[in-house]
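Following: one structure in structure tokens, then a few remarks.
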Amino acid sequence: MRCMNKGRISIWGAMALGVLLMAANFAAAQSPLPALLVLEKSDNMLAIVDPANLQIVGRVPAGPDPHEIVASADGKLAYISNYGGLDSVLNTITVIDLTARKALTPINLGALRSTHGLALAGGKLYFTAETNKVVGRYDPATQTVDWILGTGQDRTHMVAVSESLDRIFTANVSSGTISIIEQVSGPIGGSGPPPGSSGPPASAPPAGGPPPGSGPPPGSPRKTWRVTNVPTGHGTEGFDVSPDGKEIWAANAQDASVTIIDIASKHATQTFPIAVRGANRLKFTPDGKHVLVSGLGAGAGSNLVVLEAGTRKEIKKFDLGGGAAGILIVPDSSRAYVAVSAKDKVVAVDLKSLEVTGTVSTGKQPDGLAWVERN
């Protein structure tokens with residue numbers, strides 16, 4: 001009997017040890033929260049970084065030519081645009097399960113190609129498709145593209161959406177414009193899509209409106225979209241909306257300048273030079289006090305500048321050793337991460353001391369960045 005009891009204890013002990021080891025391995029495989037997501041563009045990979053120690057804890061295939069990335073509010077999914085350049089044959093958005101660290105079935109956009117800019121708003125994914133000169137919207141619940149609108153501009157590249165969902169903004173690189181797209185009440189009895197609209201697929205609801213048969217009563221104003229294209233500068237690409245929703249700041253890559261647009265009047269109010277060549281990304285700090293602009297310009301010089309939003313003055317410039325692209329600022333405005341694409345690294349910048357405080361060695365050509373939290 002004693003031997004049998006010892007055997008049972010031994011078996012139960014082994015099972016308990018196995019469970020503990022499995023739990024440890026499972027915990028080690030989880031993505032840290034918060035986490036920094038980095039697209040390694042030339043490697044077609046997504047790197048998951050623990051911001052506590054700036055170490056890469058995992059990688060996931062990101063699909064062909066990944067450029068931009070956004071993460072869901074619950075921290076479970078990430079969406080990656082597969083770009084391929086203007087007139088690309090690529091027509092997918094890669095979906096990543098961040099918990100399991102694996103790629104899911106990609107979103108197939110059919111005839112919509114060269115997707116680039118991404119934004120999550122109202123539970124839906126907004127995207128640009130450069131080849132088609134449109135901004136579109138994908139509904140994860142129905143797994144369909146439920147809205148498409150043409151900008152009439154060349155290289156519709158980046159996109160932002162207001163919290164109220166009634167304003168969408170795009171940067172149009174080759175046209176040198178920012179599109180302000182507003183939902184408005186159209187004329188009573190009006191028909192047809194608004195100017196610039198490409199129209200939805202035959203099986204989709206009308207662009208920005210309710211499905212057939214569920215619209216407003218006859219004679220009441222219908223909702224439509226109005227597109228205003230505001231001239232900026234040559235090569236307008238990176239832009240951001242001020243936290244108070246009053247201004248758009250746009251980086252003009254070919255002019256080494258920034259244009260400020262008053263959203264209410266839809267007019268540019270100021271354009272001023274910056275010490276960054278090839279400026280292609282621009283971000284406000286969440287507190288609205290500072291603006292960061294990065295650039296891919298080759299050669300020695302500034303790759304990142306920090307501007308004071310109120311005075312429009314430069315307060316710090318950085319030589320990061322090579323051309324820089326993606327910028328991510330953490331929600332509390334304490335630090336920023338900047339992808340130094342030319343040097344295969346991401347740097348952490350303390351926004352209080354305005355000093356580089358750490359470096360992540362990445363794969364080839366890091367670019368798009370995202371921050372993951374679990375709300």
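In this text the structure is predicted, and so the values were computed from the model without any measurement.
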*In one Ile/Leu/Val/Met/Phe/Trp/Tyr side-chain cluster, 4.5 Å: Leu120, Phe127*: yes
*Ile93/Leu109 under side chain to side chain contact (heavy atoms under 4.5 Å, CB included): CA gap, chis, key distance, verdict*: CA-CA 8 Å; Ile93 295 173; Leu109 298 173; 3.9 Å; yes
*In sequence, state the C-alpha distance, the side-chain angles, and the governing distance for Glu182 and Lys223, and then conclude on salt bridge (Lys or Arg N to Asp or Glu O under 4.0 Å).*
CA-CA 10 Å; Glu182 300 173 286; Lys223 290 290 186 179; over 6 Å; no
*Strictly by modelled atom types, are Ser164 and Ser162 linked by a side-chain donor-acceptor pair under 3.5 Å?*
yes
*Heavy-atom distance under 4.5 Å between the side chains of Ile181 and Val135, does that happen here?*
yes
*Same apolar cluster: Ile168 and Leu165, side chain cutoff 4.5 Å*: yes
*Look up atom CG in Asn44 and atom CG in Asp65, then write down how far apart they are to the nearest 0.5 Å.*
7.0 Å
*asked:* Check this for me, if you would: do Arg113 and Asp87 make a salt bridge, where the nitrogen-to-carboxylate-oxygen distance has to be below 4.0 angstrom?
replied: no
_Checking Ser81 against Glu68: is there a side-chain donor and acceptor pair closer than 3.5 Å?_
no
*Run the numbers on Thr357 and Asp350 for side chain to side chain donor-acceptor pair (under 3.5 Å), then give the verdict.*
CA-CA 6 Å; Thr357 58; Asp350 186 301; 5.6 Å; no
*Scan side-chain atoms only and decide if Glu308 and Thr311 contain a donor-acceptor pair under the 3.5 Å cut-off.*
yes
_Closer than 3.5 angstrom, by distance alone: can the side chain of Thr156 be matched with the main-chain N or O of Val134 as a donor-acceptor pair?_
no
_Any Leu54 side-chain heavy atom under 4.5 Å of Tyr337 side chain_ = yes
*Go through Thr170 and Thr151 one step at a time and tell me if the side chain to side chain donor-acceptor pair (under 3.5 Å) criterion holds.*
CA-CA 9 Å; Thr170 68; Thr151 63; 5.3 Å; no
_Shared hydrophobic cluster, Ile329 / Val305 (ILVMFWY, side-chain heavy atoms < 4.5 Å)_ = no
*Apply the test side chain to side chain contact (heavy atoms under 4.5 Å, CB included) to residues Phe239 and Thr259: give CA-CA distance (whole Å), side-chain angles for both, the deciding distance (0.1 Å), then the verdict.*
CA-CA 9 Å; Phe239 77 95; Thr259 295; over 6 Å; no
*Write down the atom of Val227, the atom of Gly150, and the distance for their closest heavy-atom approach.*
CG2-O, 4.2 Å
*Is there a side chain to side chain donor-acceptor pair (under 3.5 Å) between Asp344 and Thr362 once you walk through the steps?*
CA-CA 5 Å; Asp344 300 336; Thr362 67; 5.3 Å; no
_What verdict does the side chain to side chain contact (heavy atoms under 4.5 Å, CB included) test give for Val340 and Val347, after you've listed the backbone C-alpha separation in whole Å, the side-chain angles of each residue and the deciding distance to 0.1 Å?_
CA-CA 7 Å; Val340 187; Val347 298; 4.1 Å; yes
*So, does Asp43 use its side chain to make a donor-acceptor pair with the main chain of Met45 at under 3.5 Å?*
no
*Taking every non-hydrogen atom, the tightest pair across Ile80 and Pro66*: CG2-CB, 3.5 Å
*May I ask you to check whether His267 and Asp262 show a side-chain donor-acceptor distance below 3.5 Å?*
no
*Phe318 six-ring face occupied by Lys316 cation (under 6.0 Å, within 45°)*: yes
*So, for Asp146 and Lys124, which heavy atoms are closest and what is the spacing to 0.1 Å?*
OD2-NZ, 2.6 Å
*Reported CZ-to-CG distance for the pair Arg281 and Leu328, which is rounded to 0.5 angstrom*: 12.5 Å
*asked:* Please give me the minimum heavy-atom distance between Thr228 and Lys266, naming the atom from each residue.
replied: OG1-CD, 3.6 Å
*Could you walk me through whether Ser257 and Asn252 pass side chain to side chain donor-acceptor pair (under 3.5 Å), step by step?*
CA-CA 5 Å; Ser257 68; Asn252 306 313; 3.0 Å; yes
*Just say parallel, tilted or perpendicular for the rings of His116 and Tyr83, cut-offs at 30° and 60°.*
perpendicular
*Under a 4.0 Å N-O cut-off, is there an ion pair linking Lys41 with Asp367?*
yes
*With distance as the sole test, does Thr177 use its side chain to make a donor-acceptor pair with the main-chain N or O of Pro231 at under 3.5 Å?*
no
*Exercise: identify the closest heavy-atom pair between Ala121 and Tyr126*: O-CE1, 3.7 Å
*Are Glu237 and Arg155 close enough, and set up right, to give a salt bridge (Lys or Arg N to Asp or Glu O under 4.0 Å), and what steps lead you there?*
CA-CA 9 Å; Glu237 187 171 341; Arg155 290 196 64 198; 5.4 Å; no
*Under the criterion salt bridge (Lys or Arg N to Asp or Glu O under 4.0 Å), which of Lys345, Lys364, Arg59 is the partner of Glu40?*
Arg59
*Asp139-Thr144 side chain donor-acceptor pair, cut-off 3.5 Å*: no
_Could you measure the distance from the CG atom of Leu90 to the NE2 atom of His67? Nearest 0.5 Å is fine._
9.5 Å
*Taking atom types as modelled, is there a side-chain donor on Glu130 or Ser114 under 3.5 Å from an acceptor on the other?*
no
*With a 4.0 Å cut-off, would you call Lys133 and Asp154 a salt bridge?*
yes
*Judged by modelled atom types alone, do Asn303 and Ser294 share a side-chain donor-acceptor pair under 3.5 Å?*
no
*When rounded to the nearest 0.5 angstrom, what distance separates CZ in Arg222 from OG in Ser185?*
10.0 Å
_Hydrophobic clustering (ILVMFWY, side-chain heavy atoms < 4.5 Å, transitive) - are Val360 and Val356 grouped together?_
no
*Quick check: does any side chain N or O of Asn172 sit under 3.5 Å from a backbone N or O of Ser175, one acting as donor and the other as acceptor?*
no
*Same cluster for Ile274 and Ile327 if Ile/Leu/Val/Met/Phe/Trp/Tyr side chains link at under 4.5 Å?*
no
_As a quick check of understanding, evaluate side chain to side chain contact (heavy atoms under 4.5 Å, CB included) for Ile180 and Asn229, giving each step before the final call._
CA-CA 6 Å; Ile180 300 176; Asn229 296 312; over 6 Å; no
_Nearest-0.5 Å distance that lies between atom CG in Asp50 and atom CD in Gln55_ = 8.5 Å
*Taking atom CG of Leu86 and atom OG1 of Thr131, what is their separation to the nearest 0.5 Å?*
5.5 Å
_Checking the side chain of Asp319 only, and the main-chain atoms of Ser302 only, is there a donor and an acceptor separated by less than 3.5 Å?_
no
*Would you say the ring centroid of Trp249 lies under 6.0 angstrom from that of Phe284?*
yes
*What is the minimum heavy-atom distance between Leu369 and Val346, and which atoms define it?*
CD2-CG2, 4.3 Å
*Can you check whether Thr236 reaches Asp255 side chain to side chain, under 4.5 Å on heavy atoms?*
no
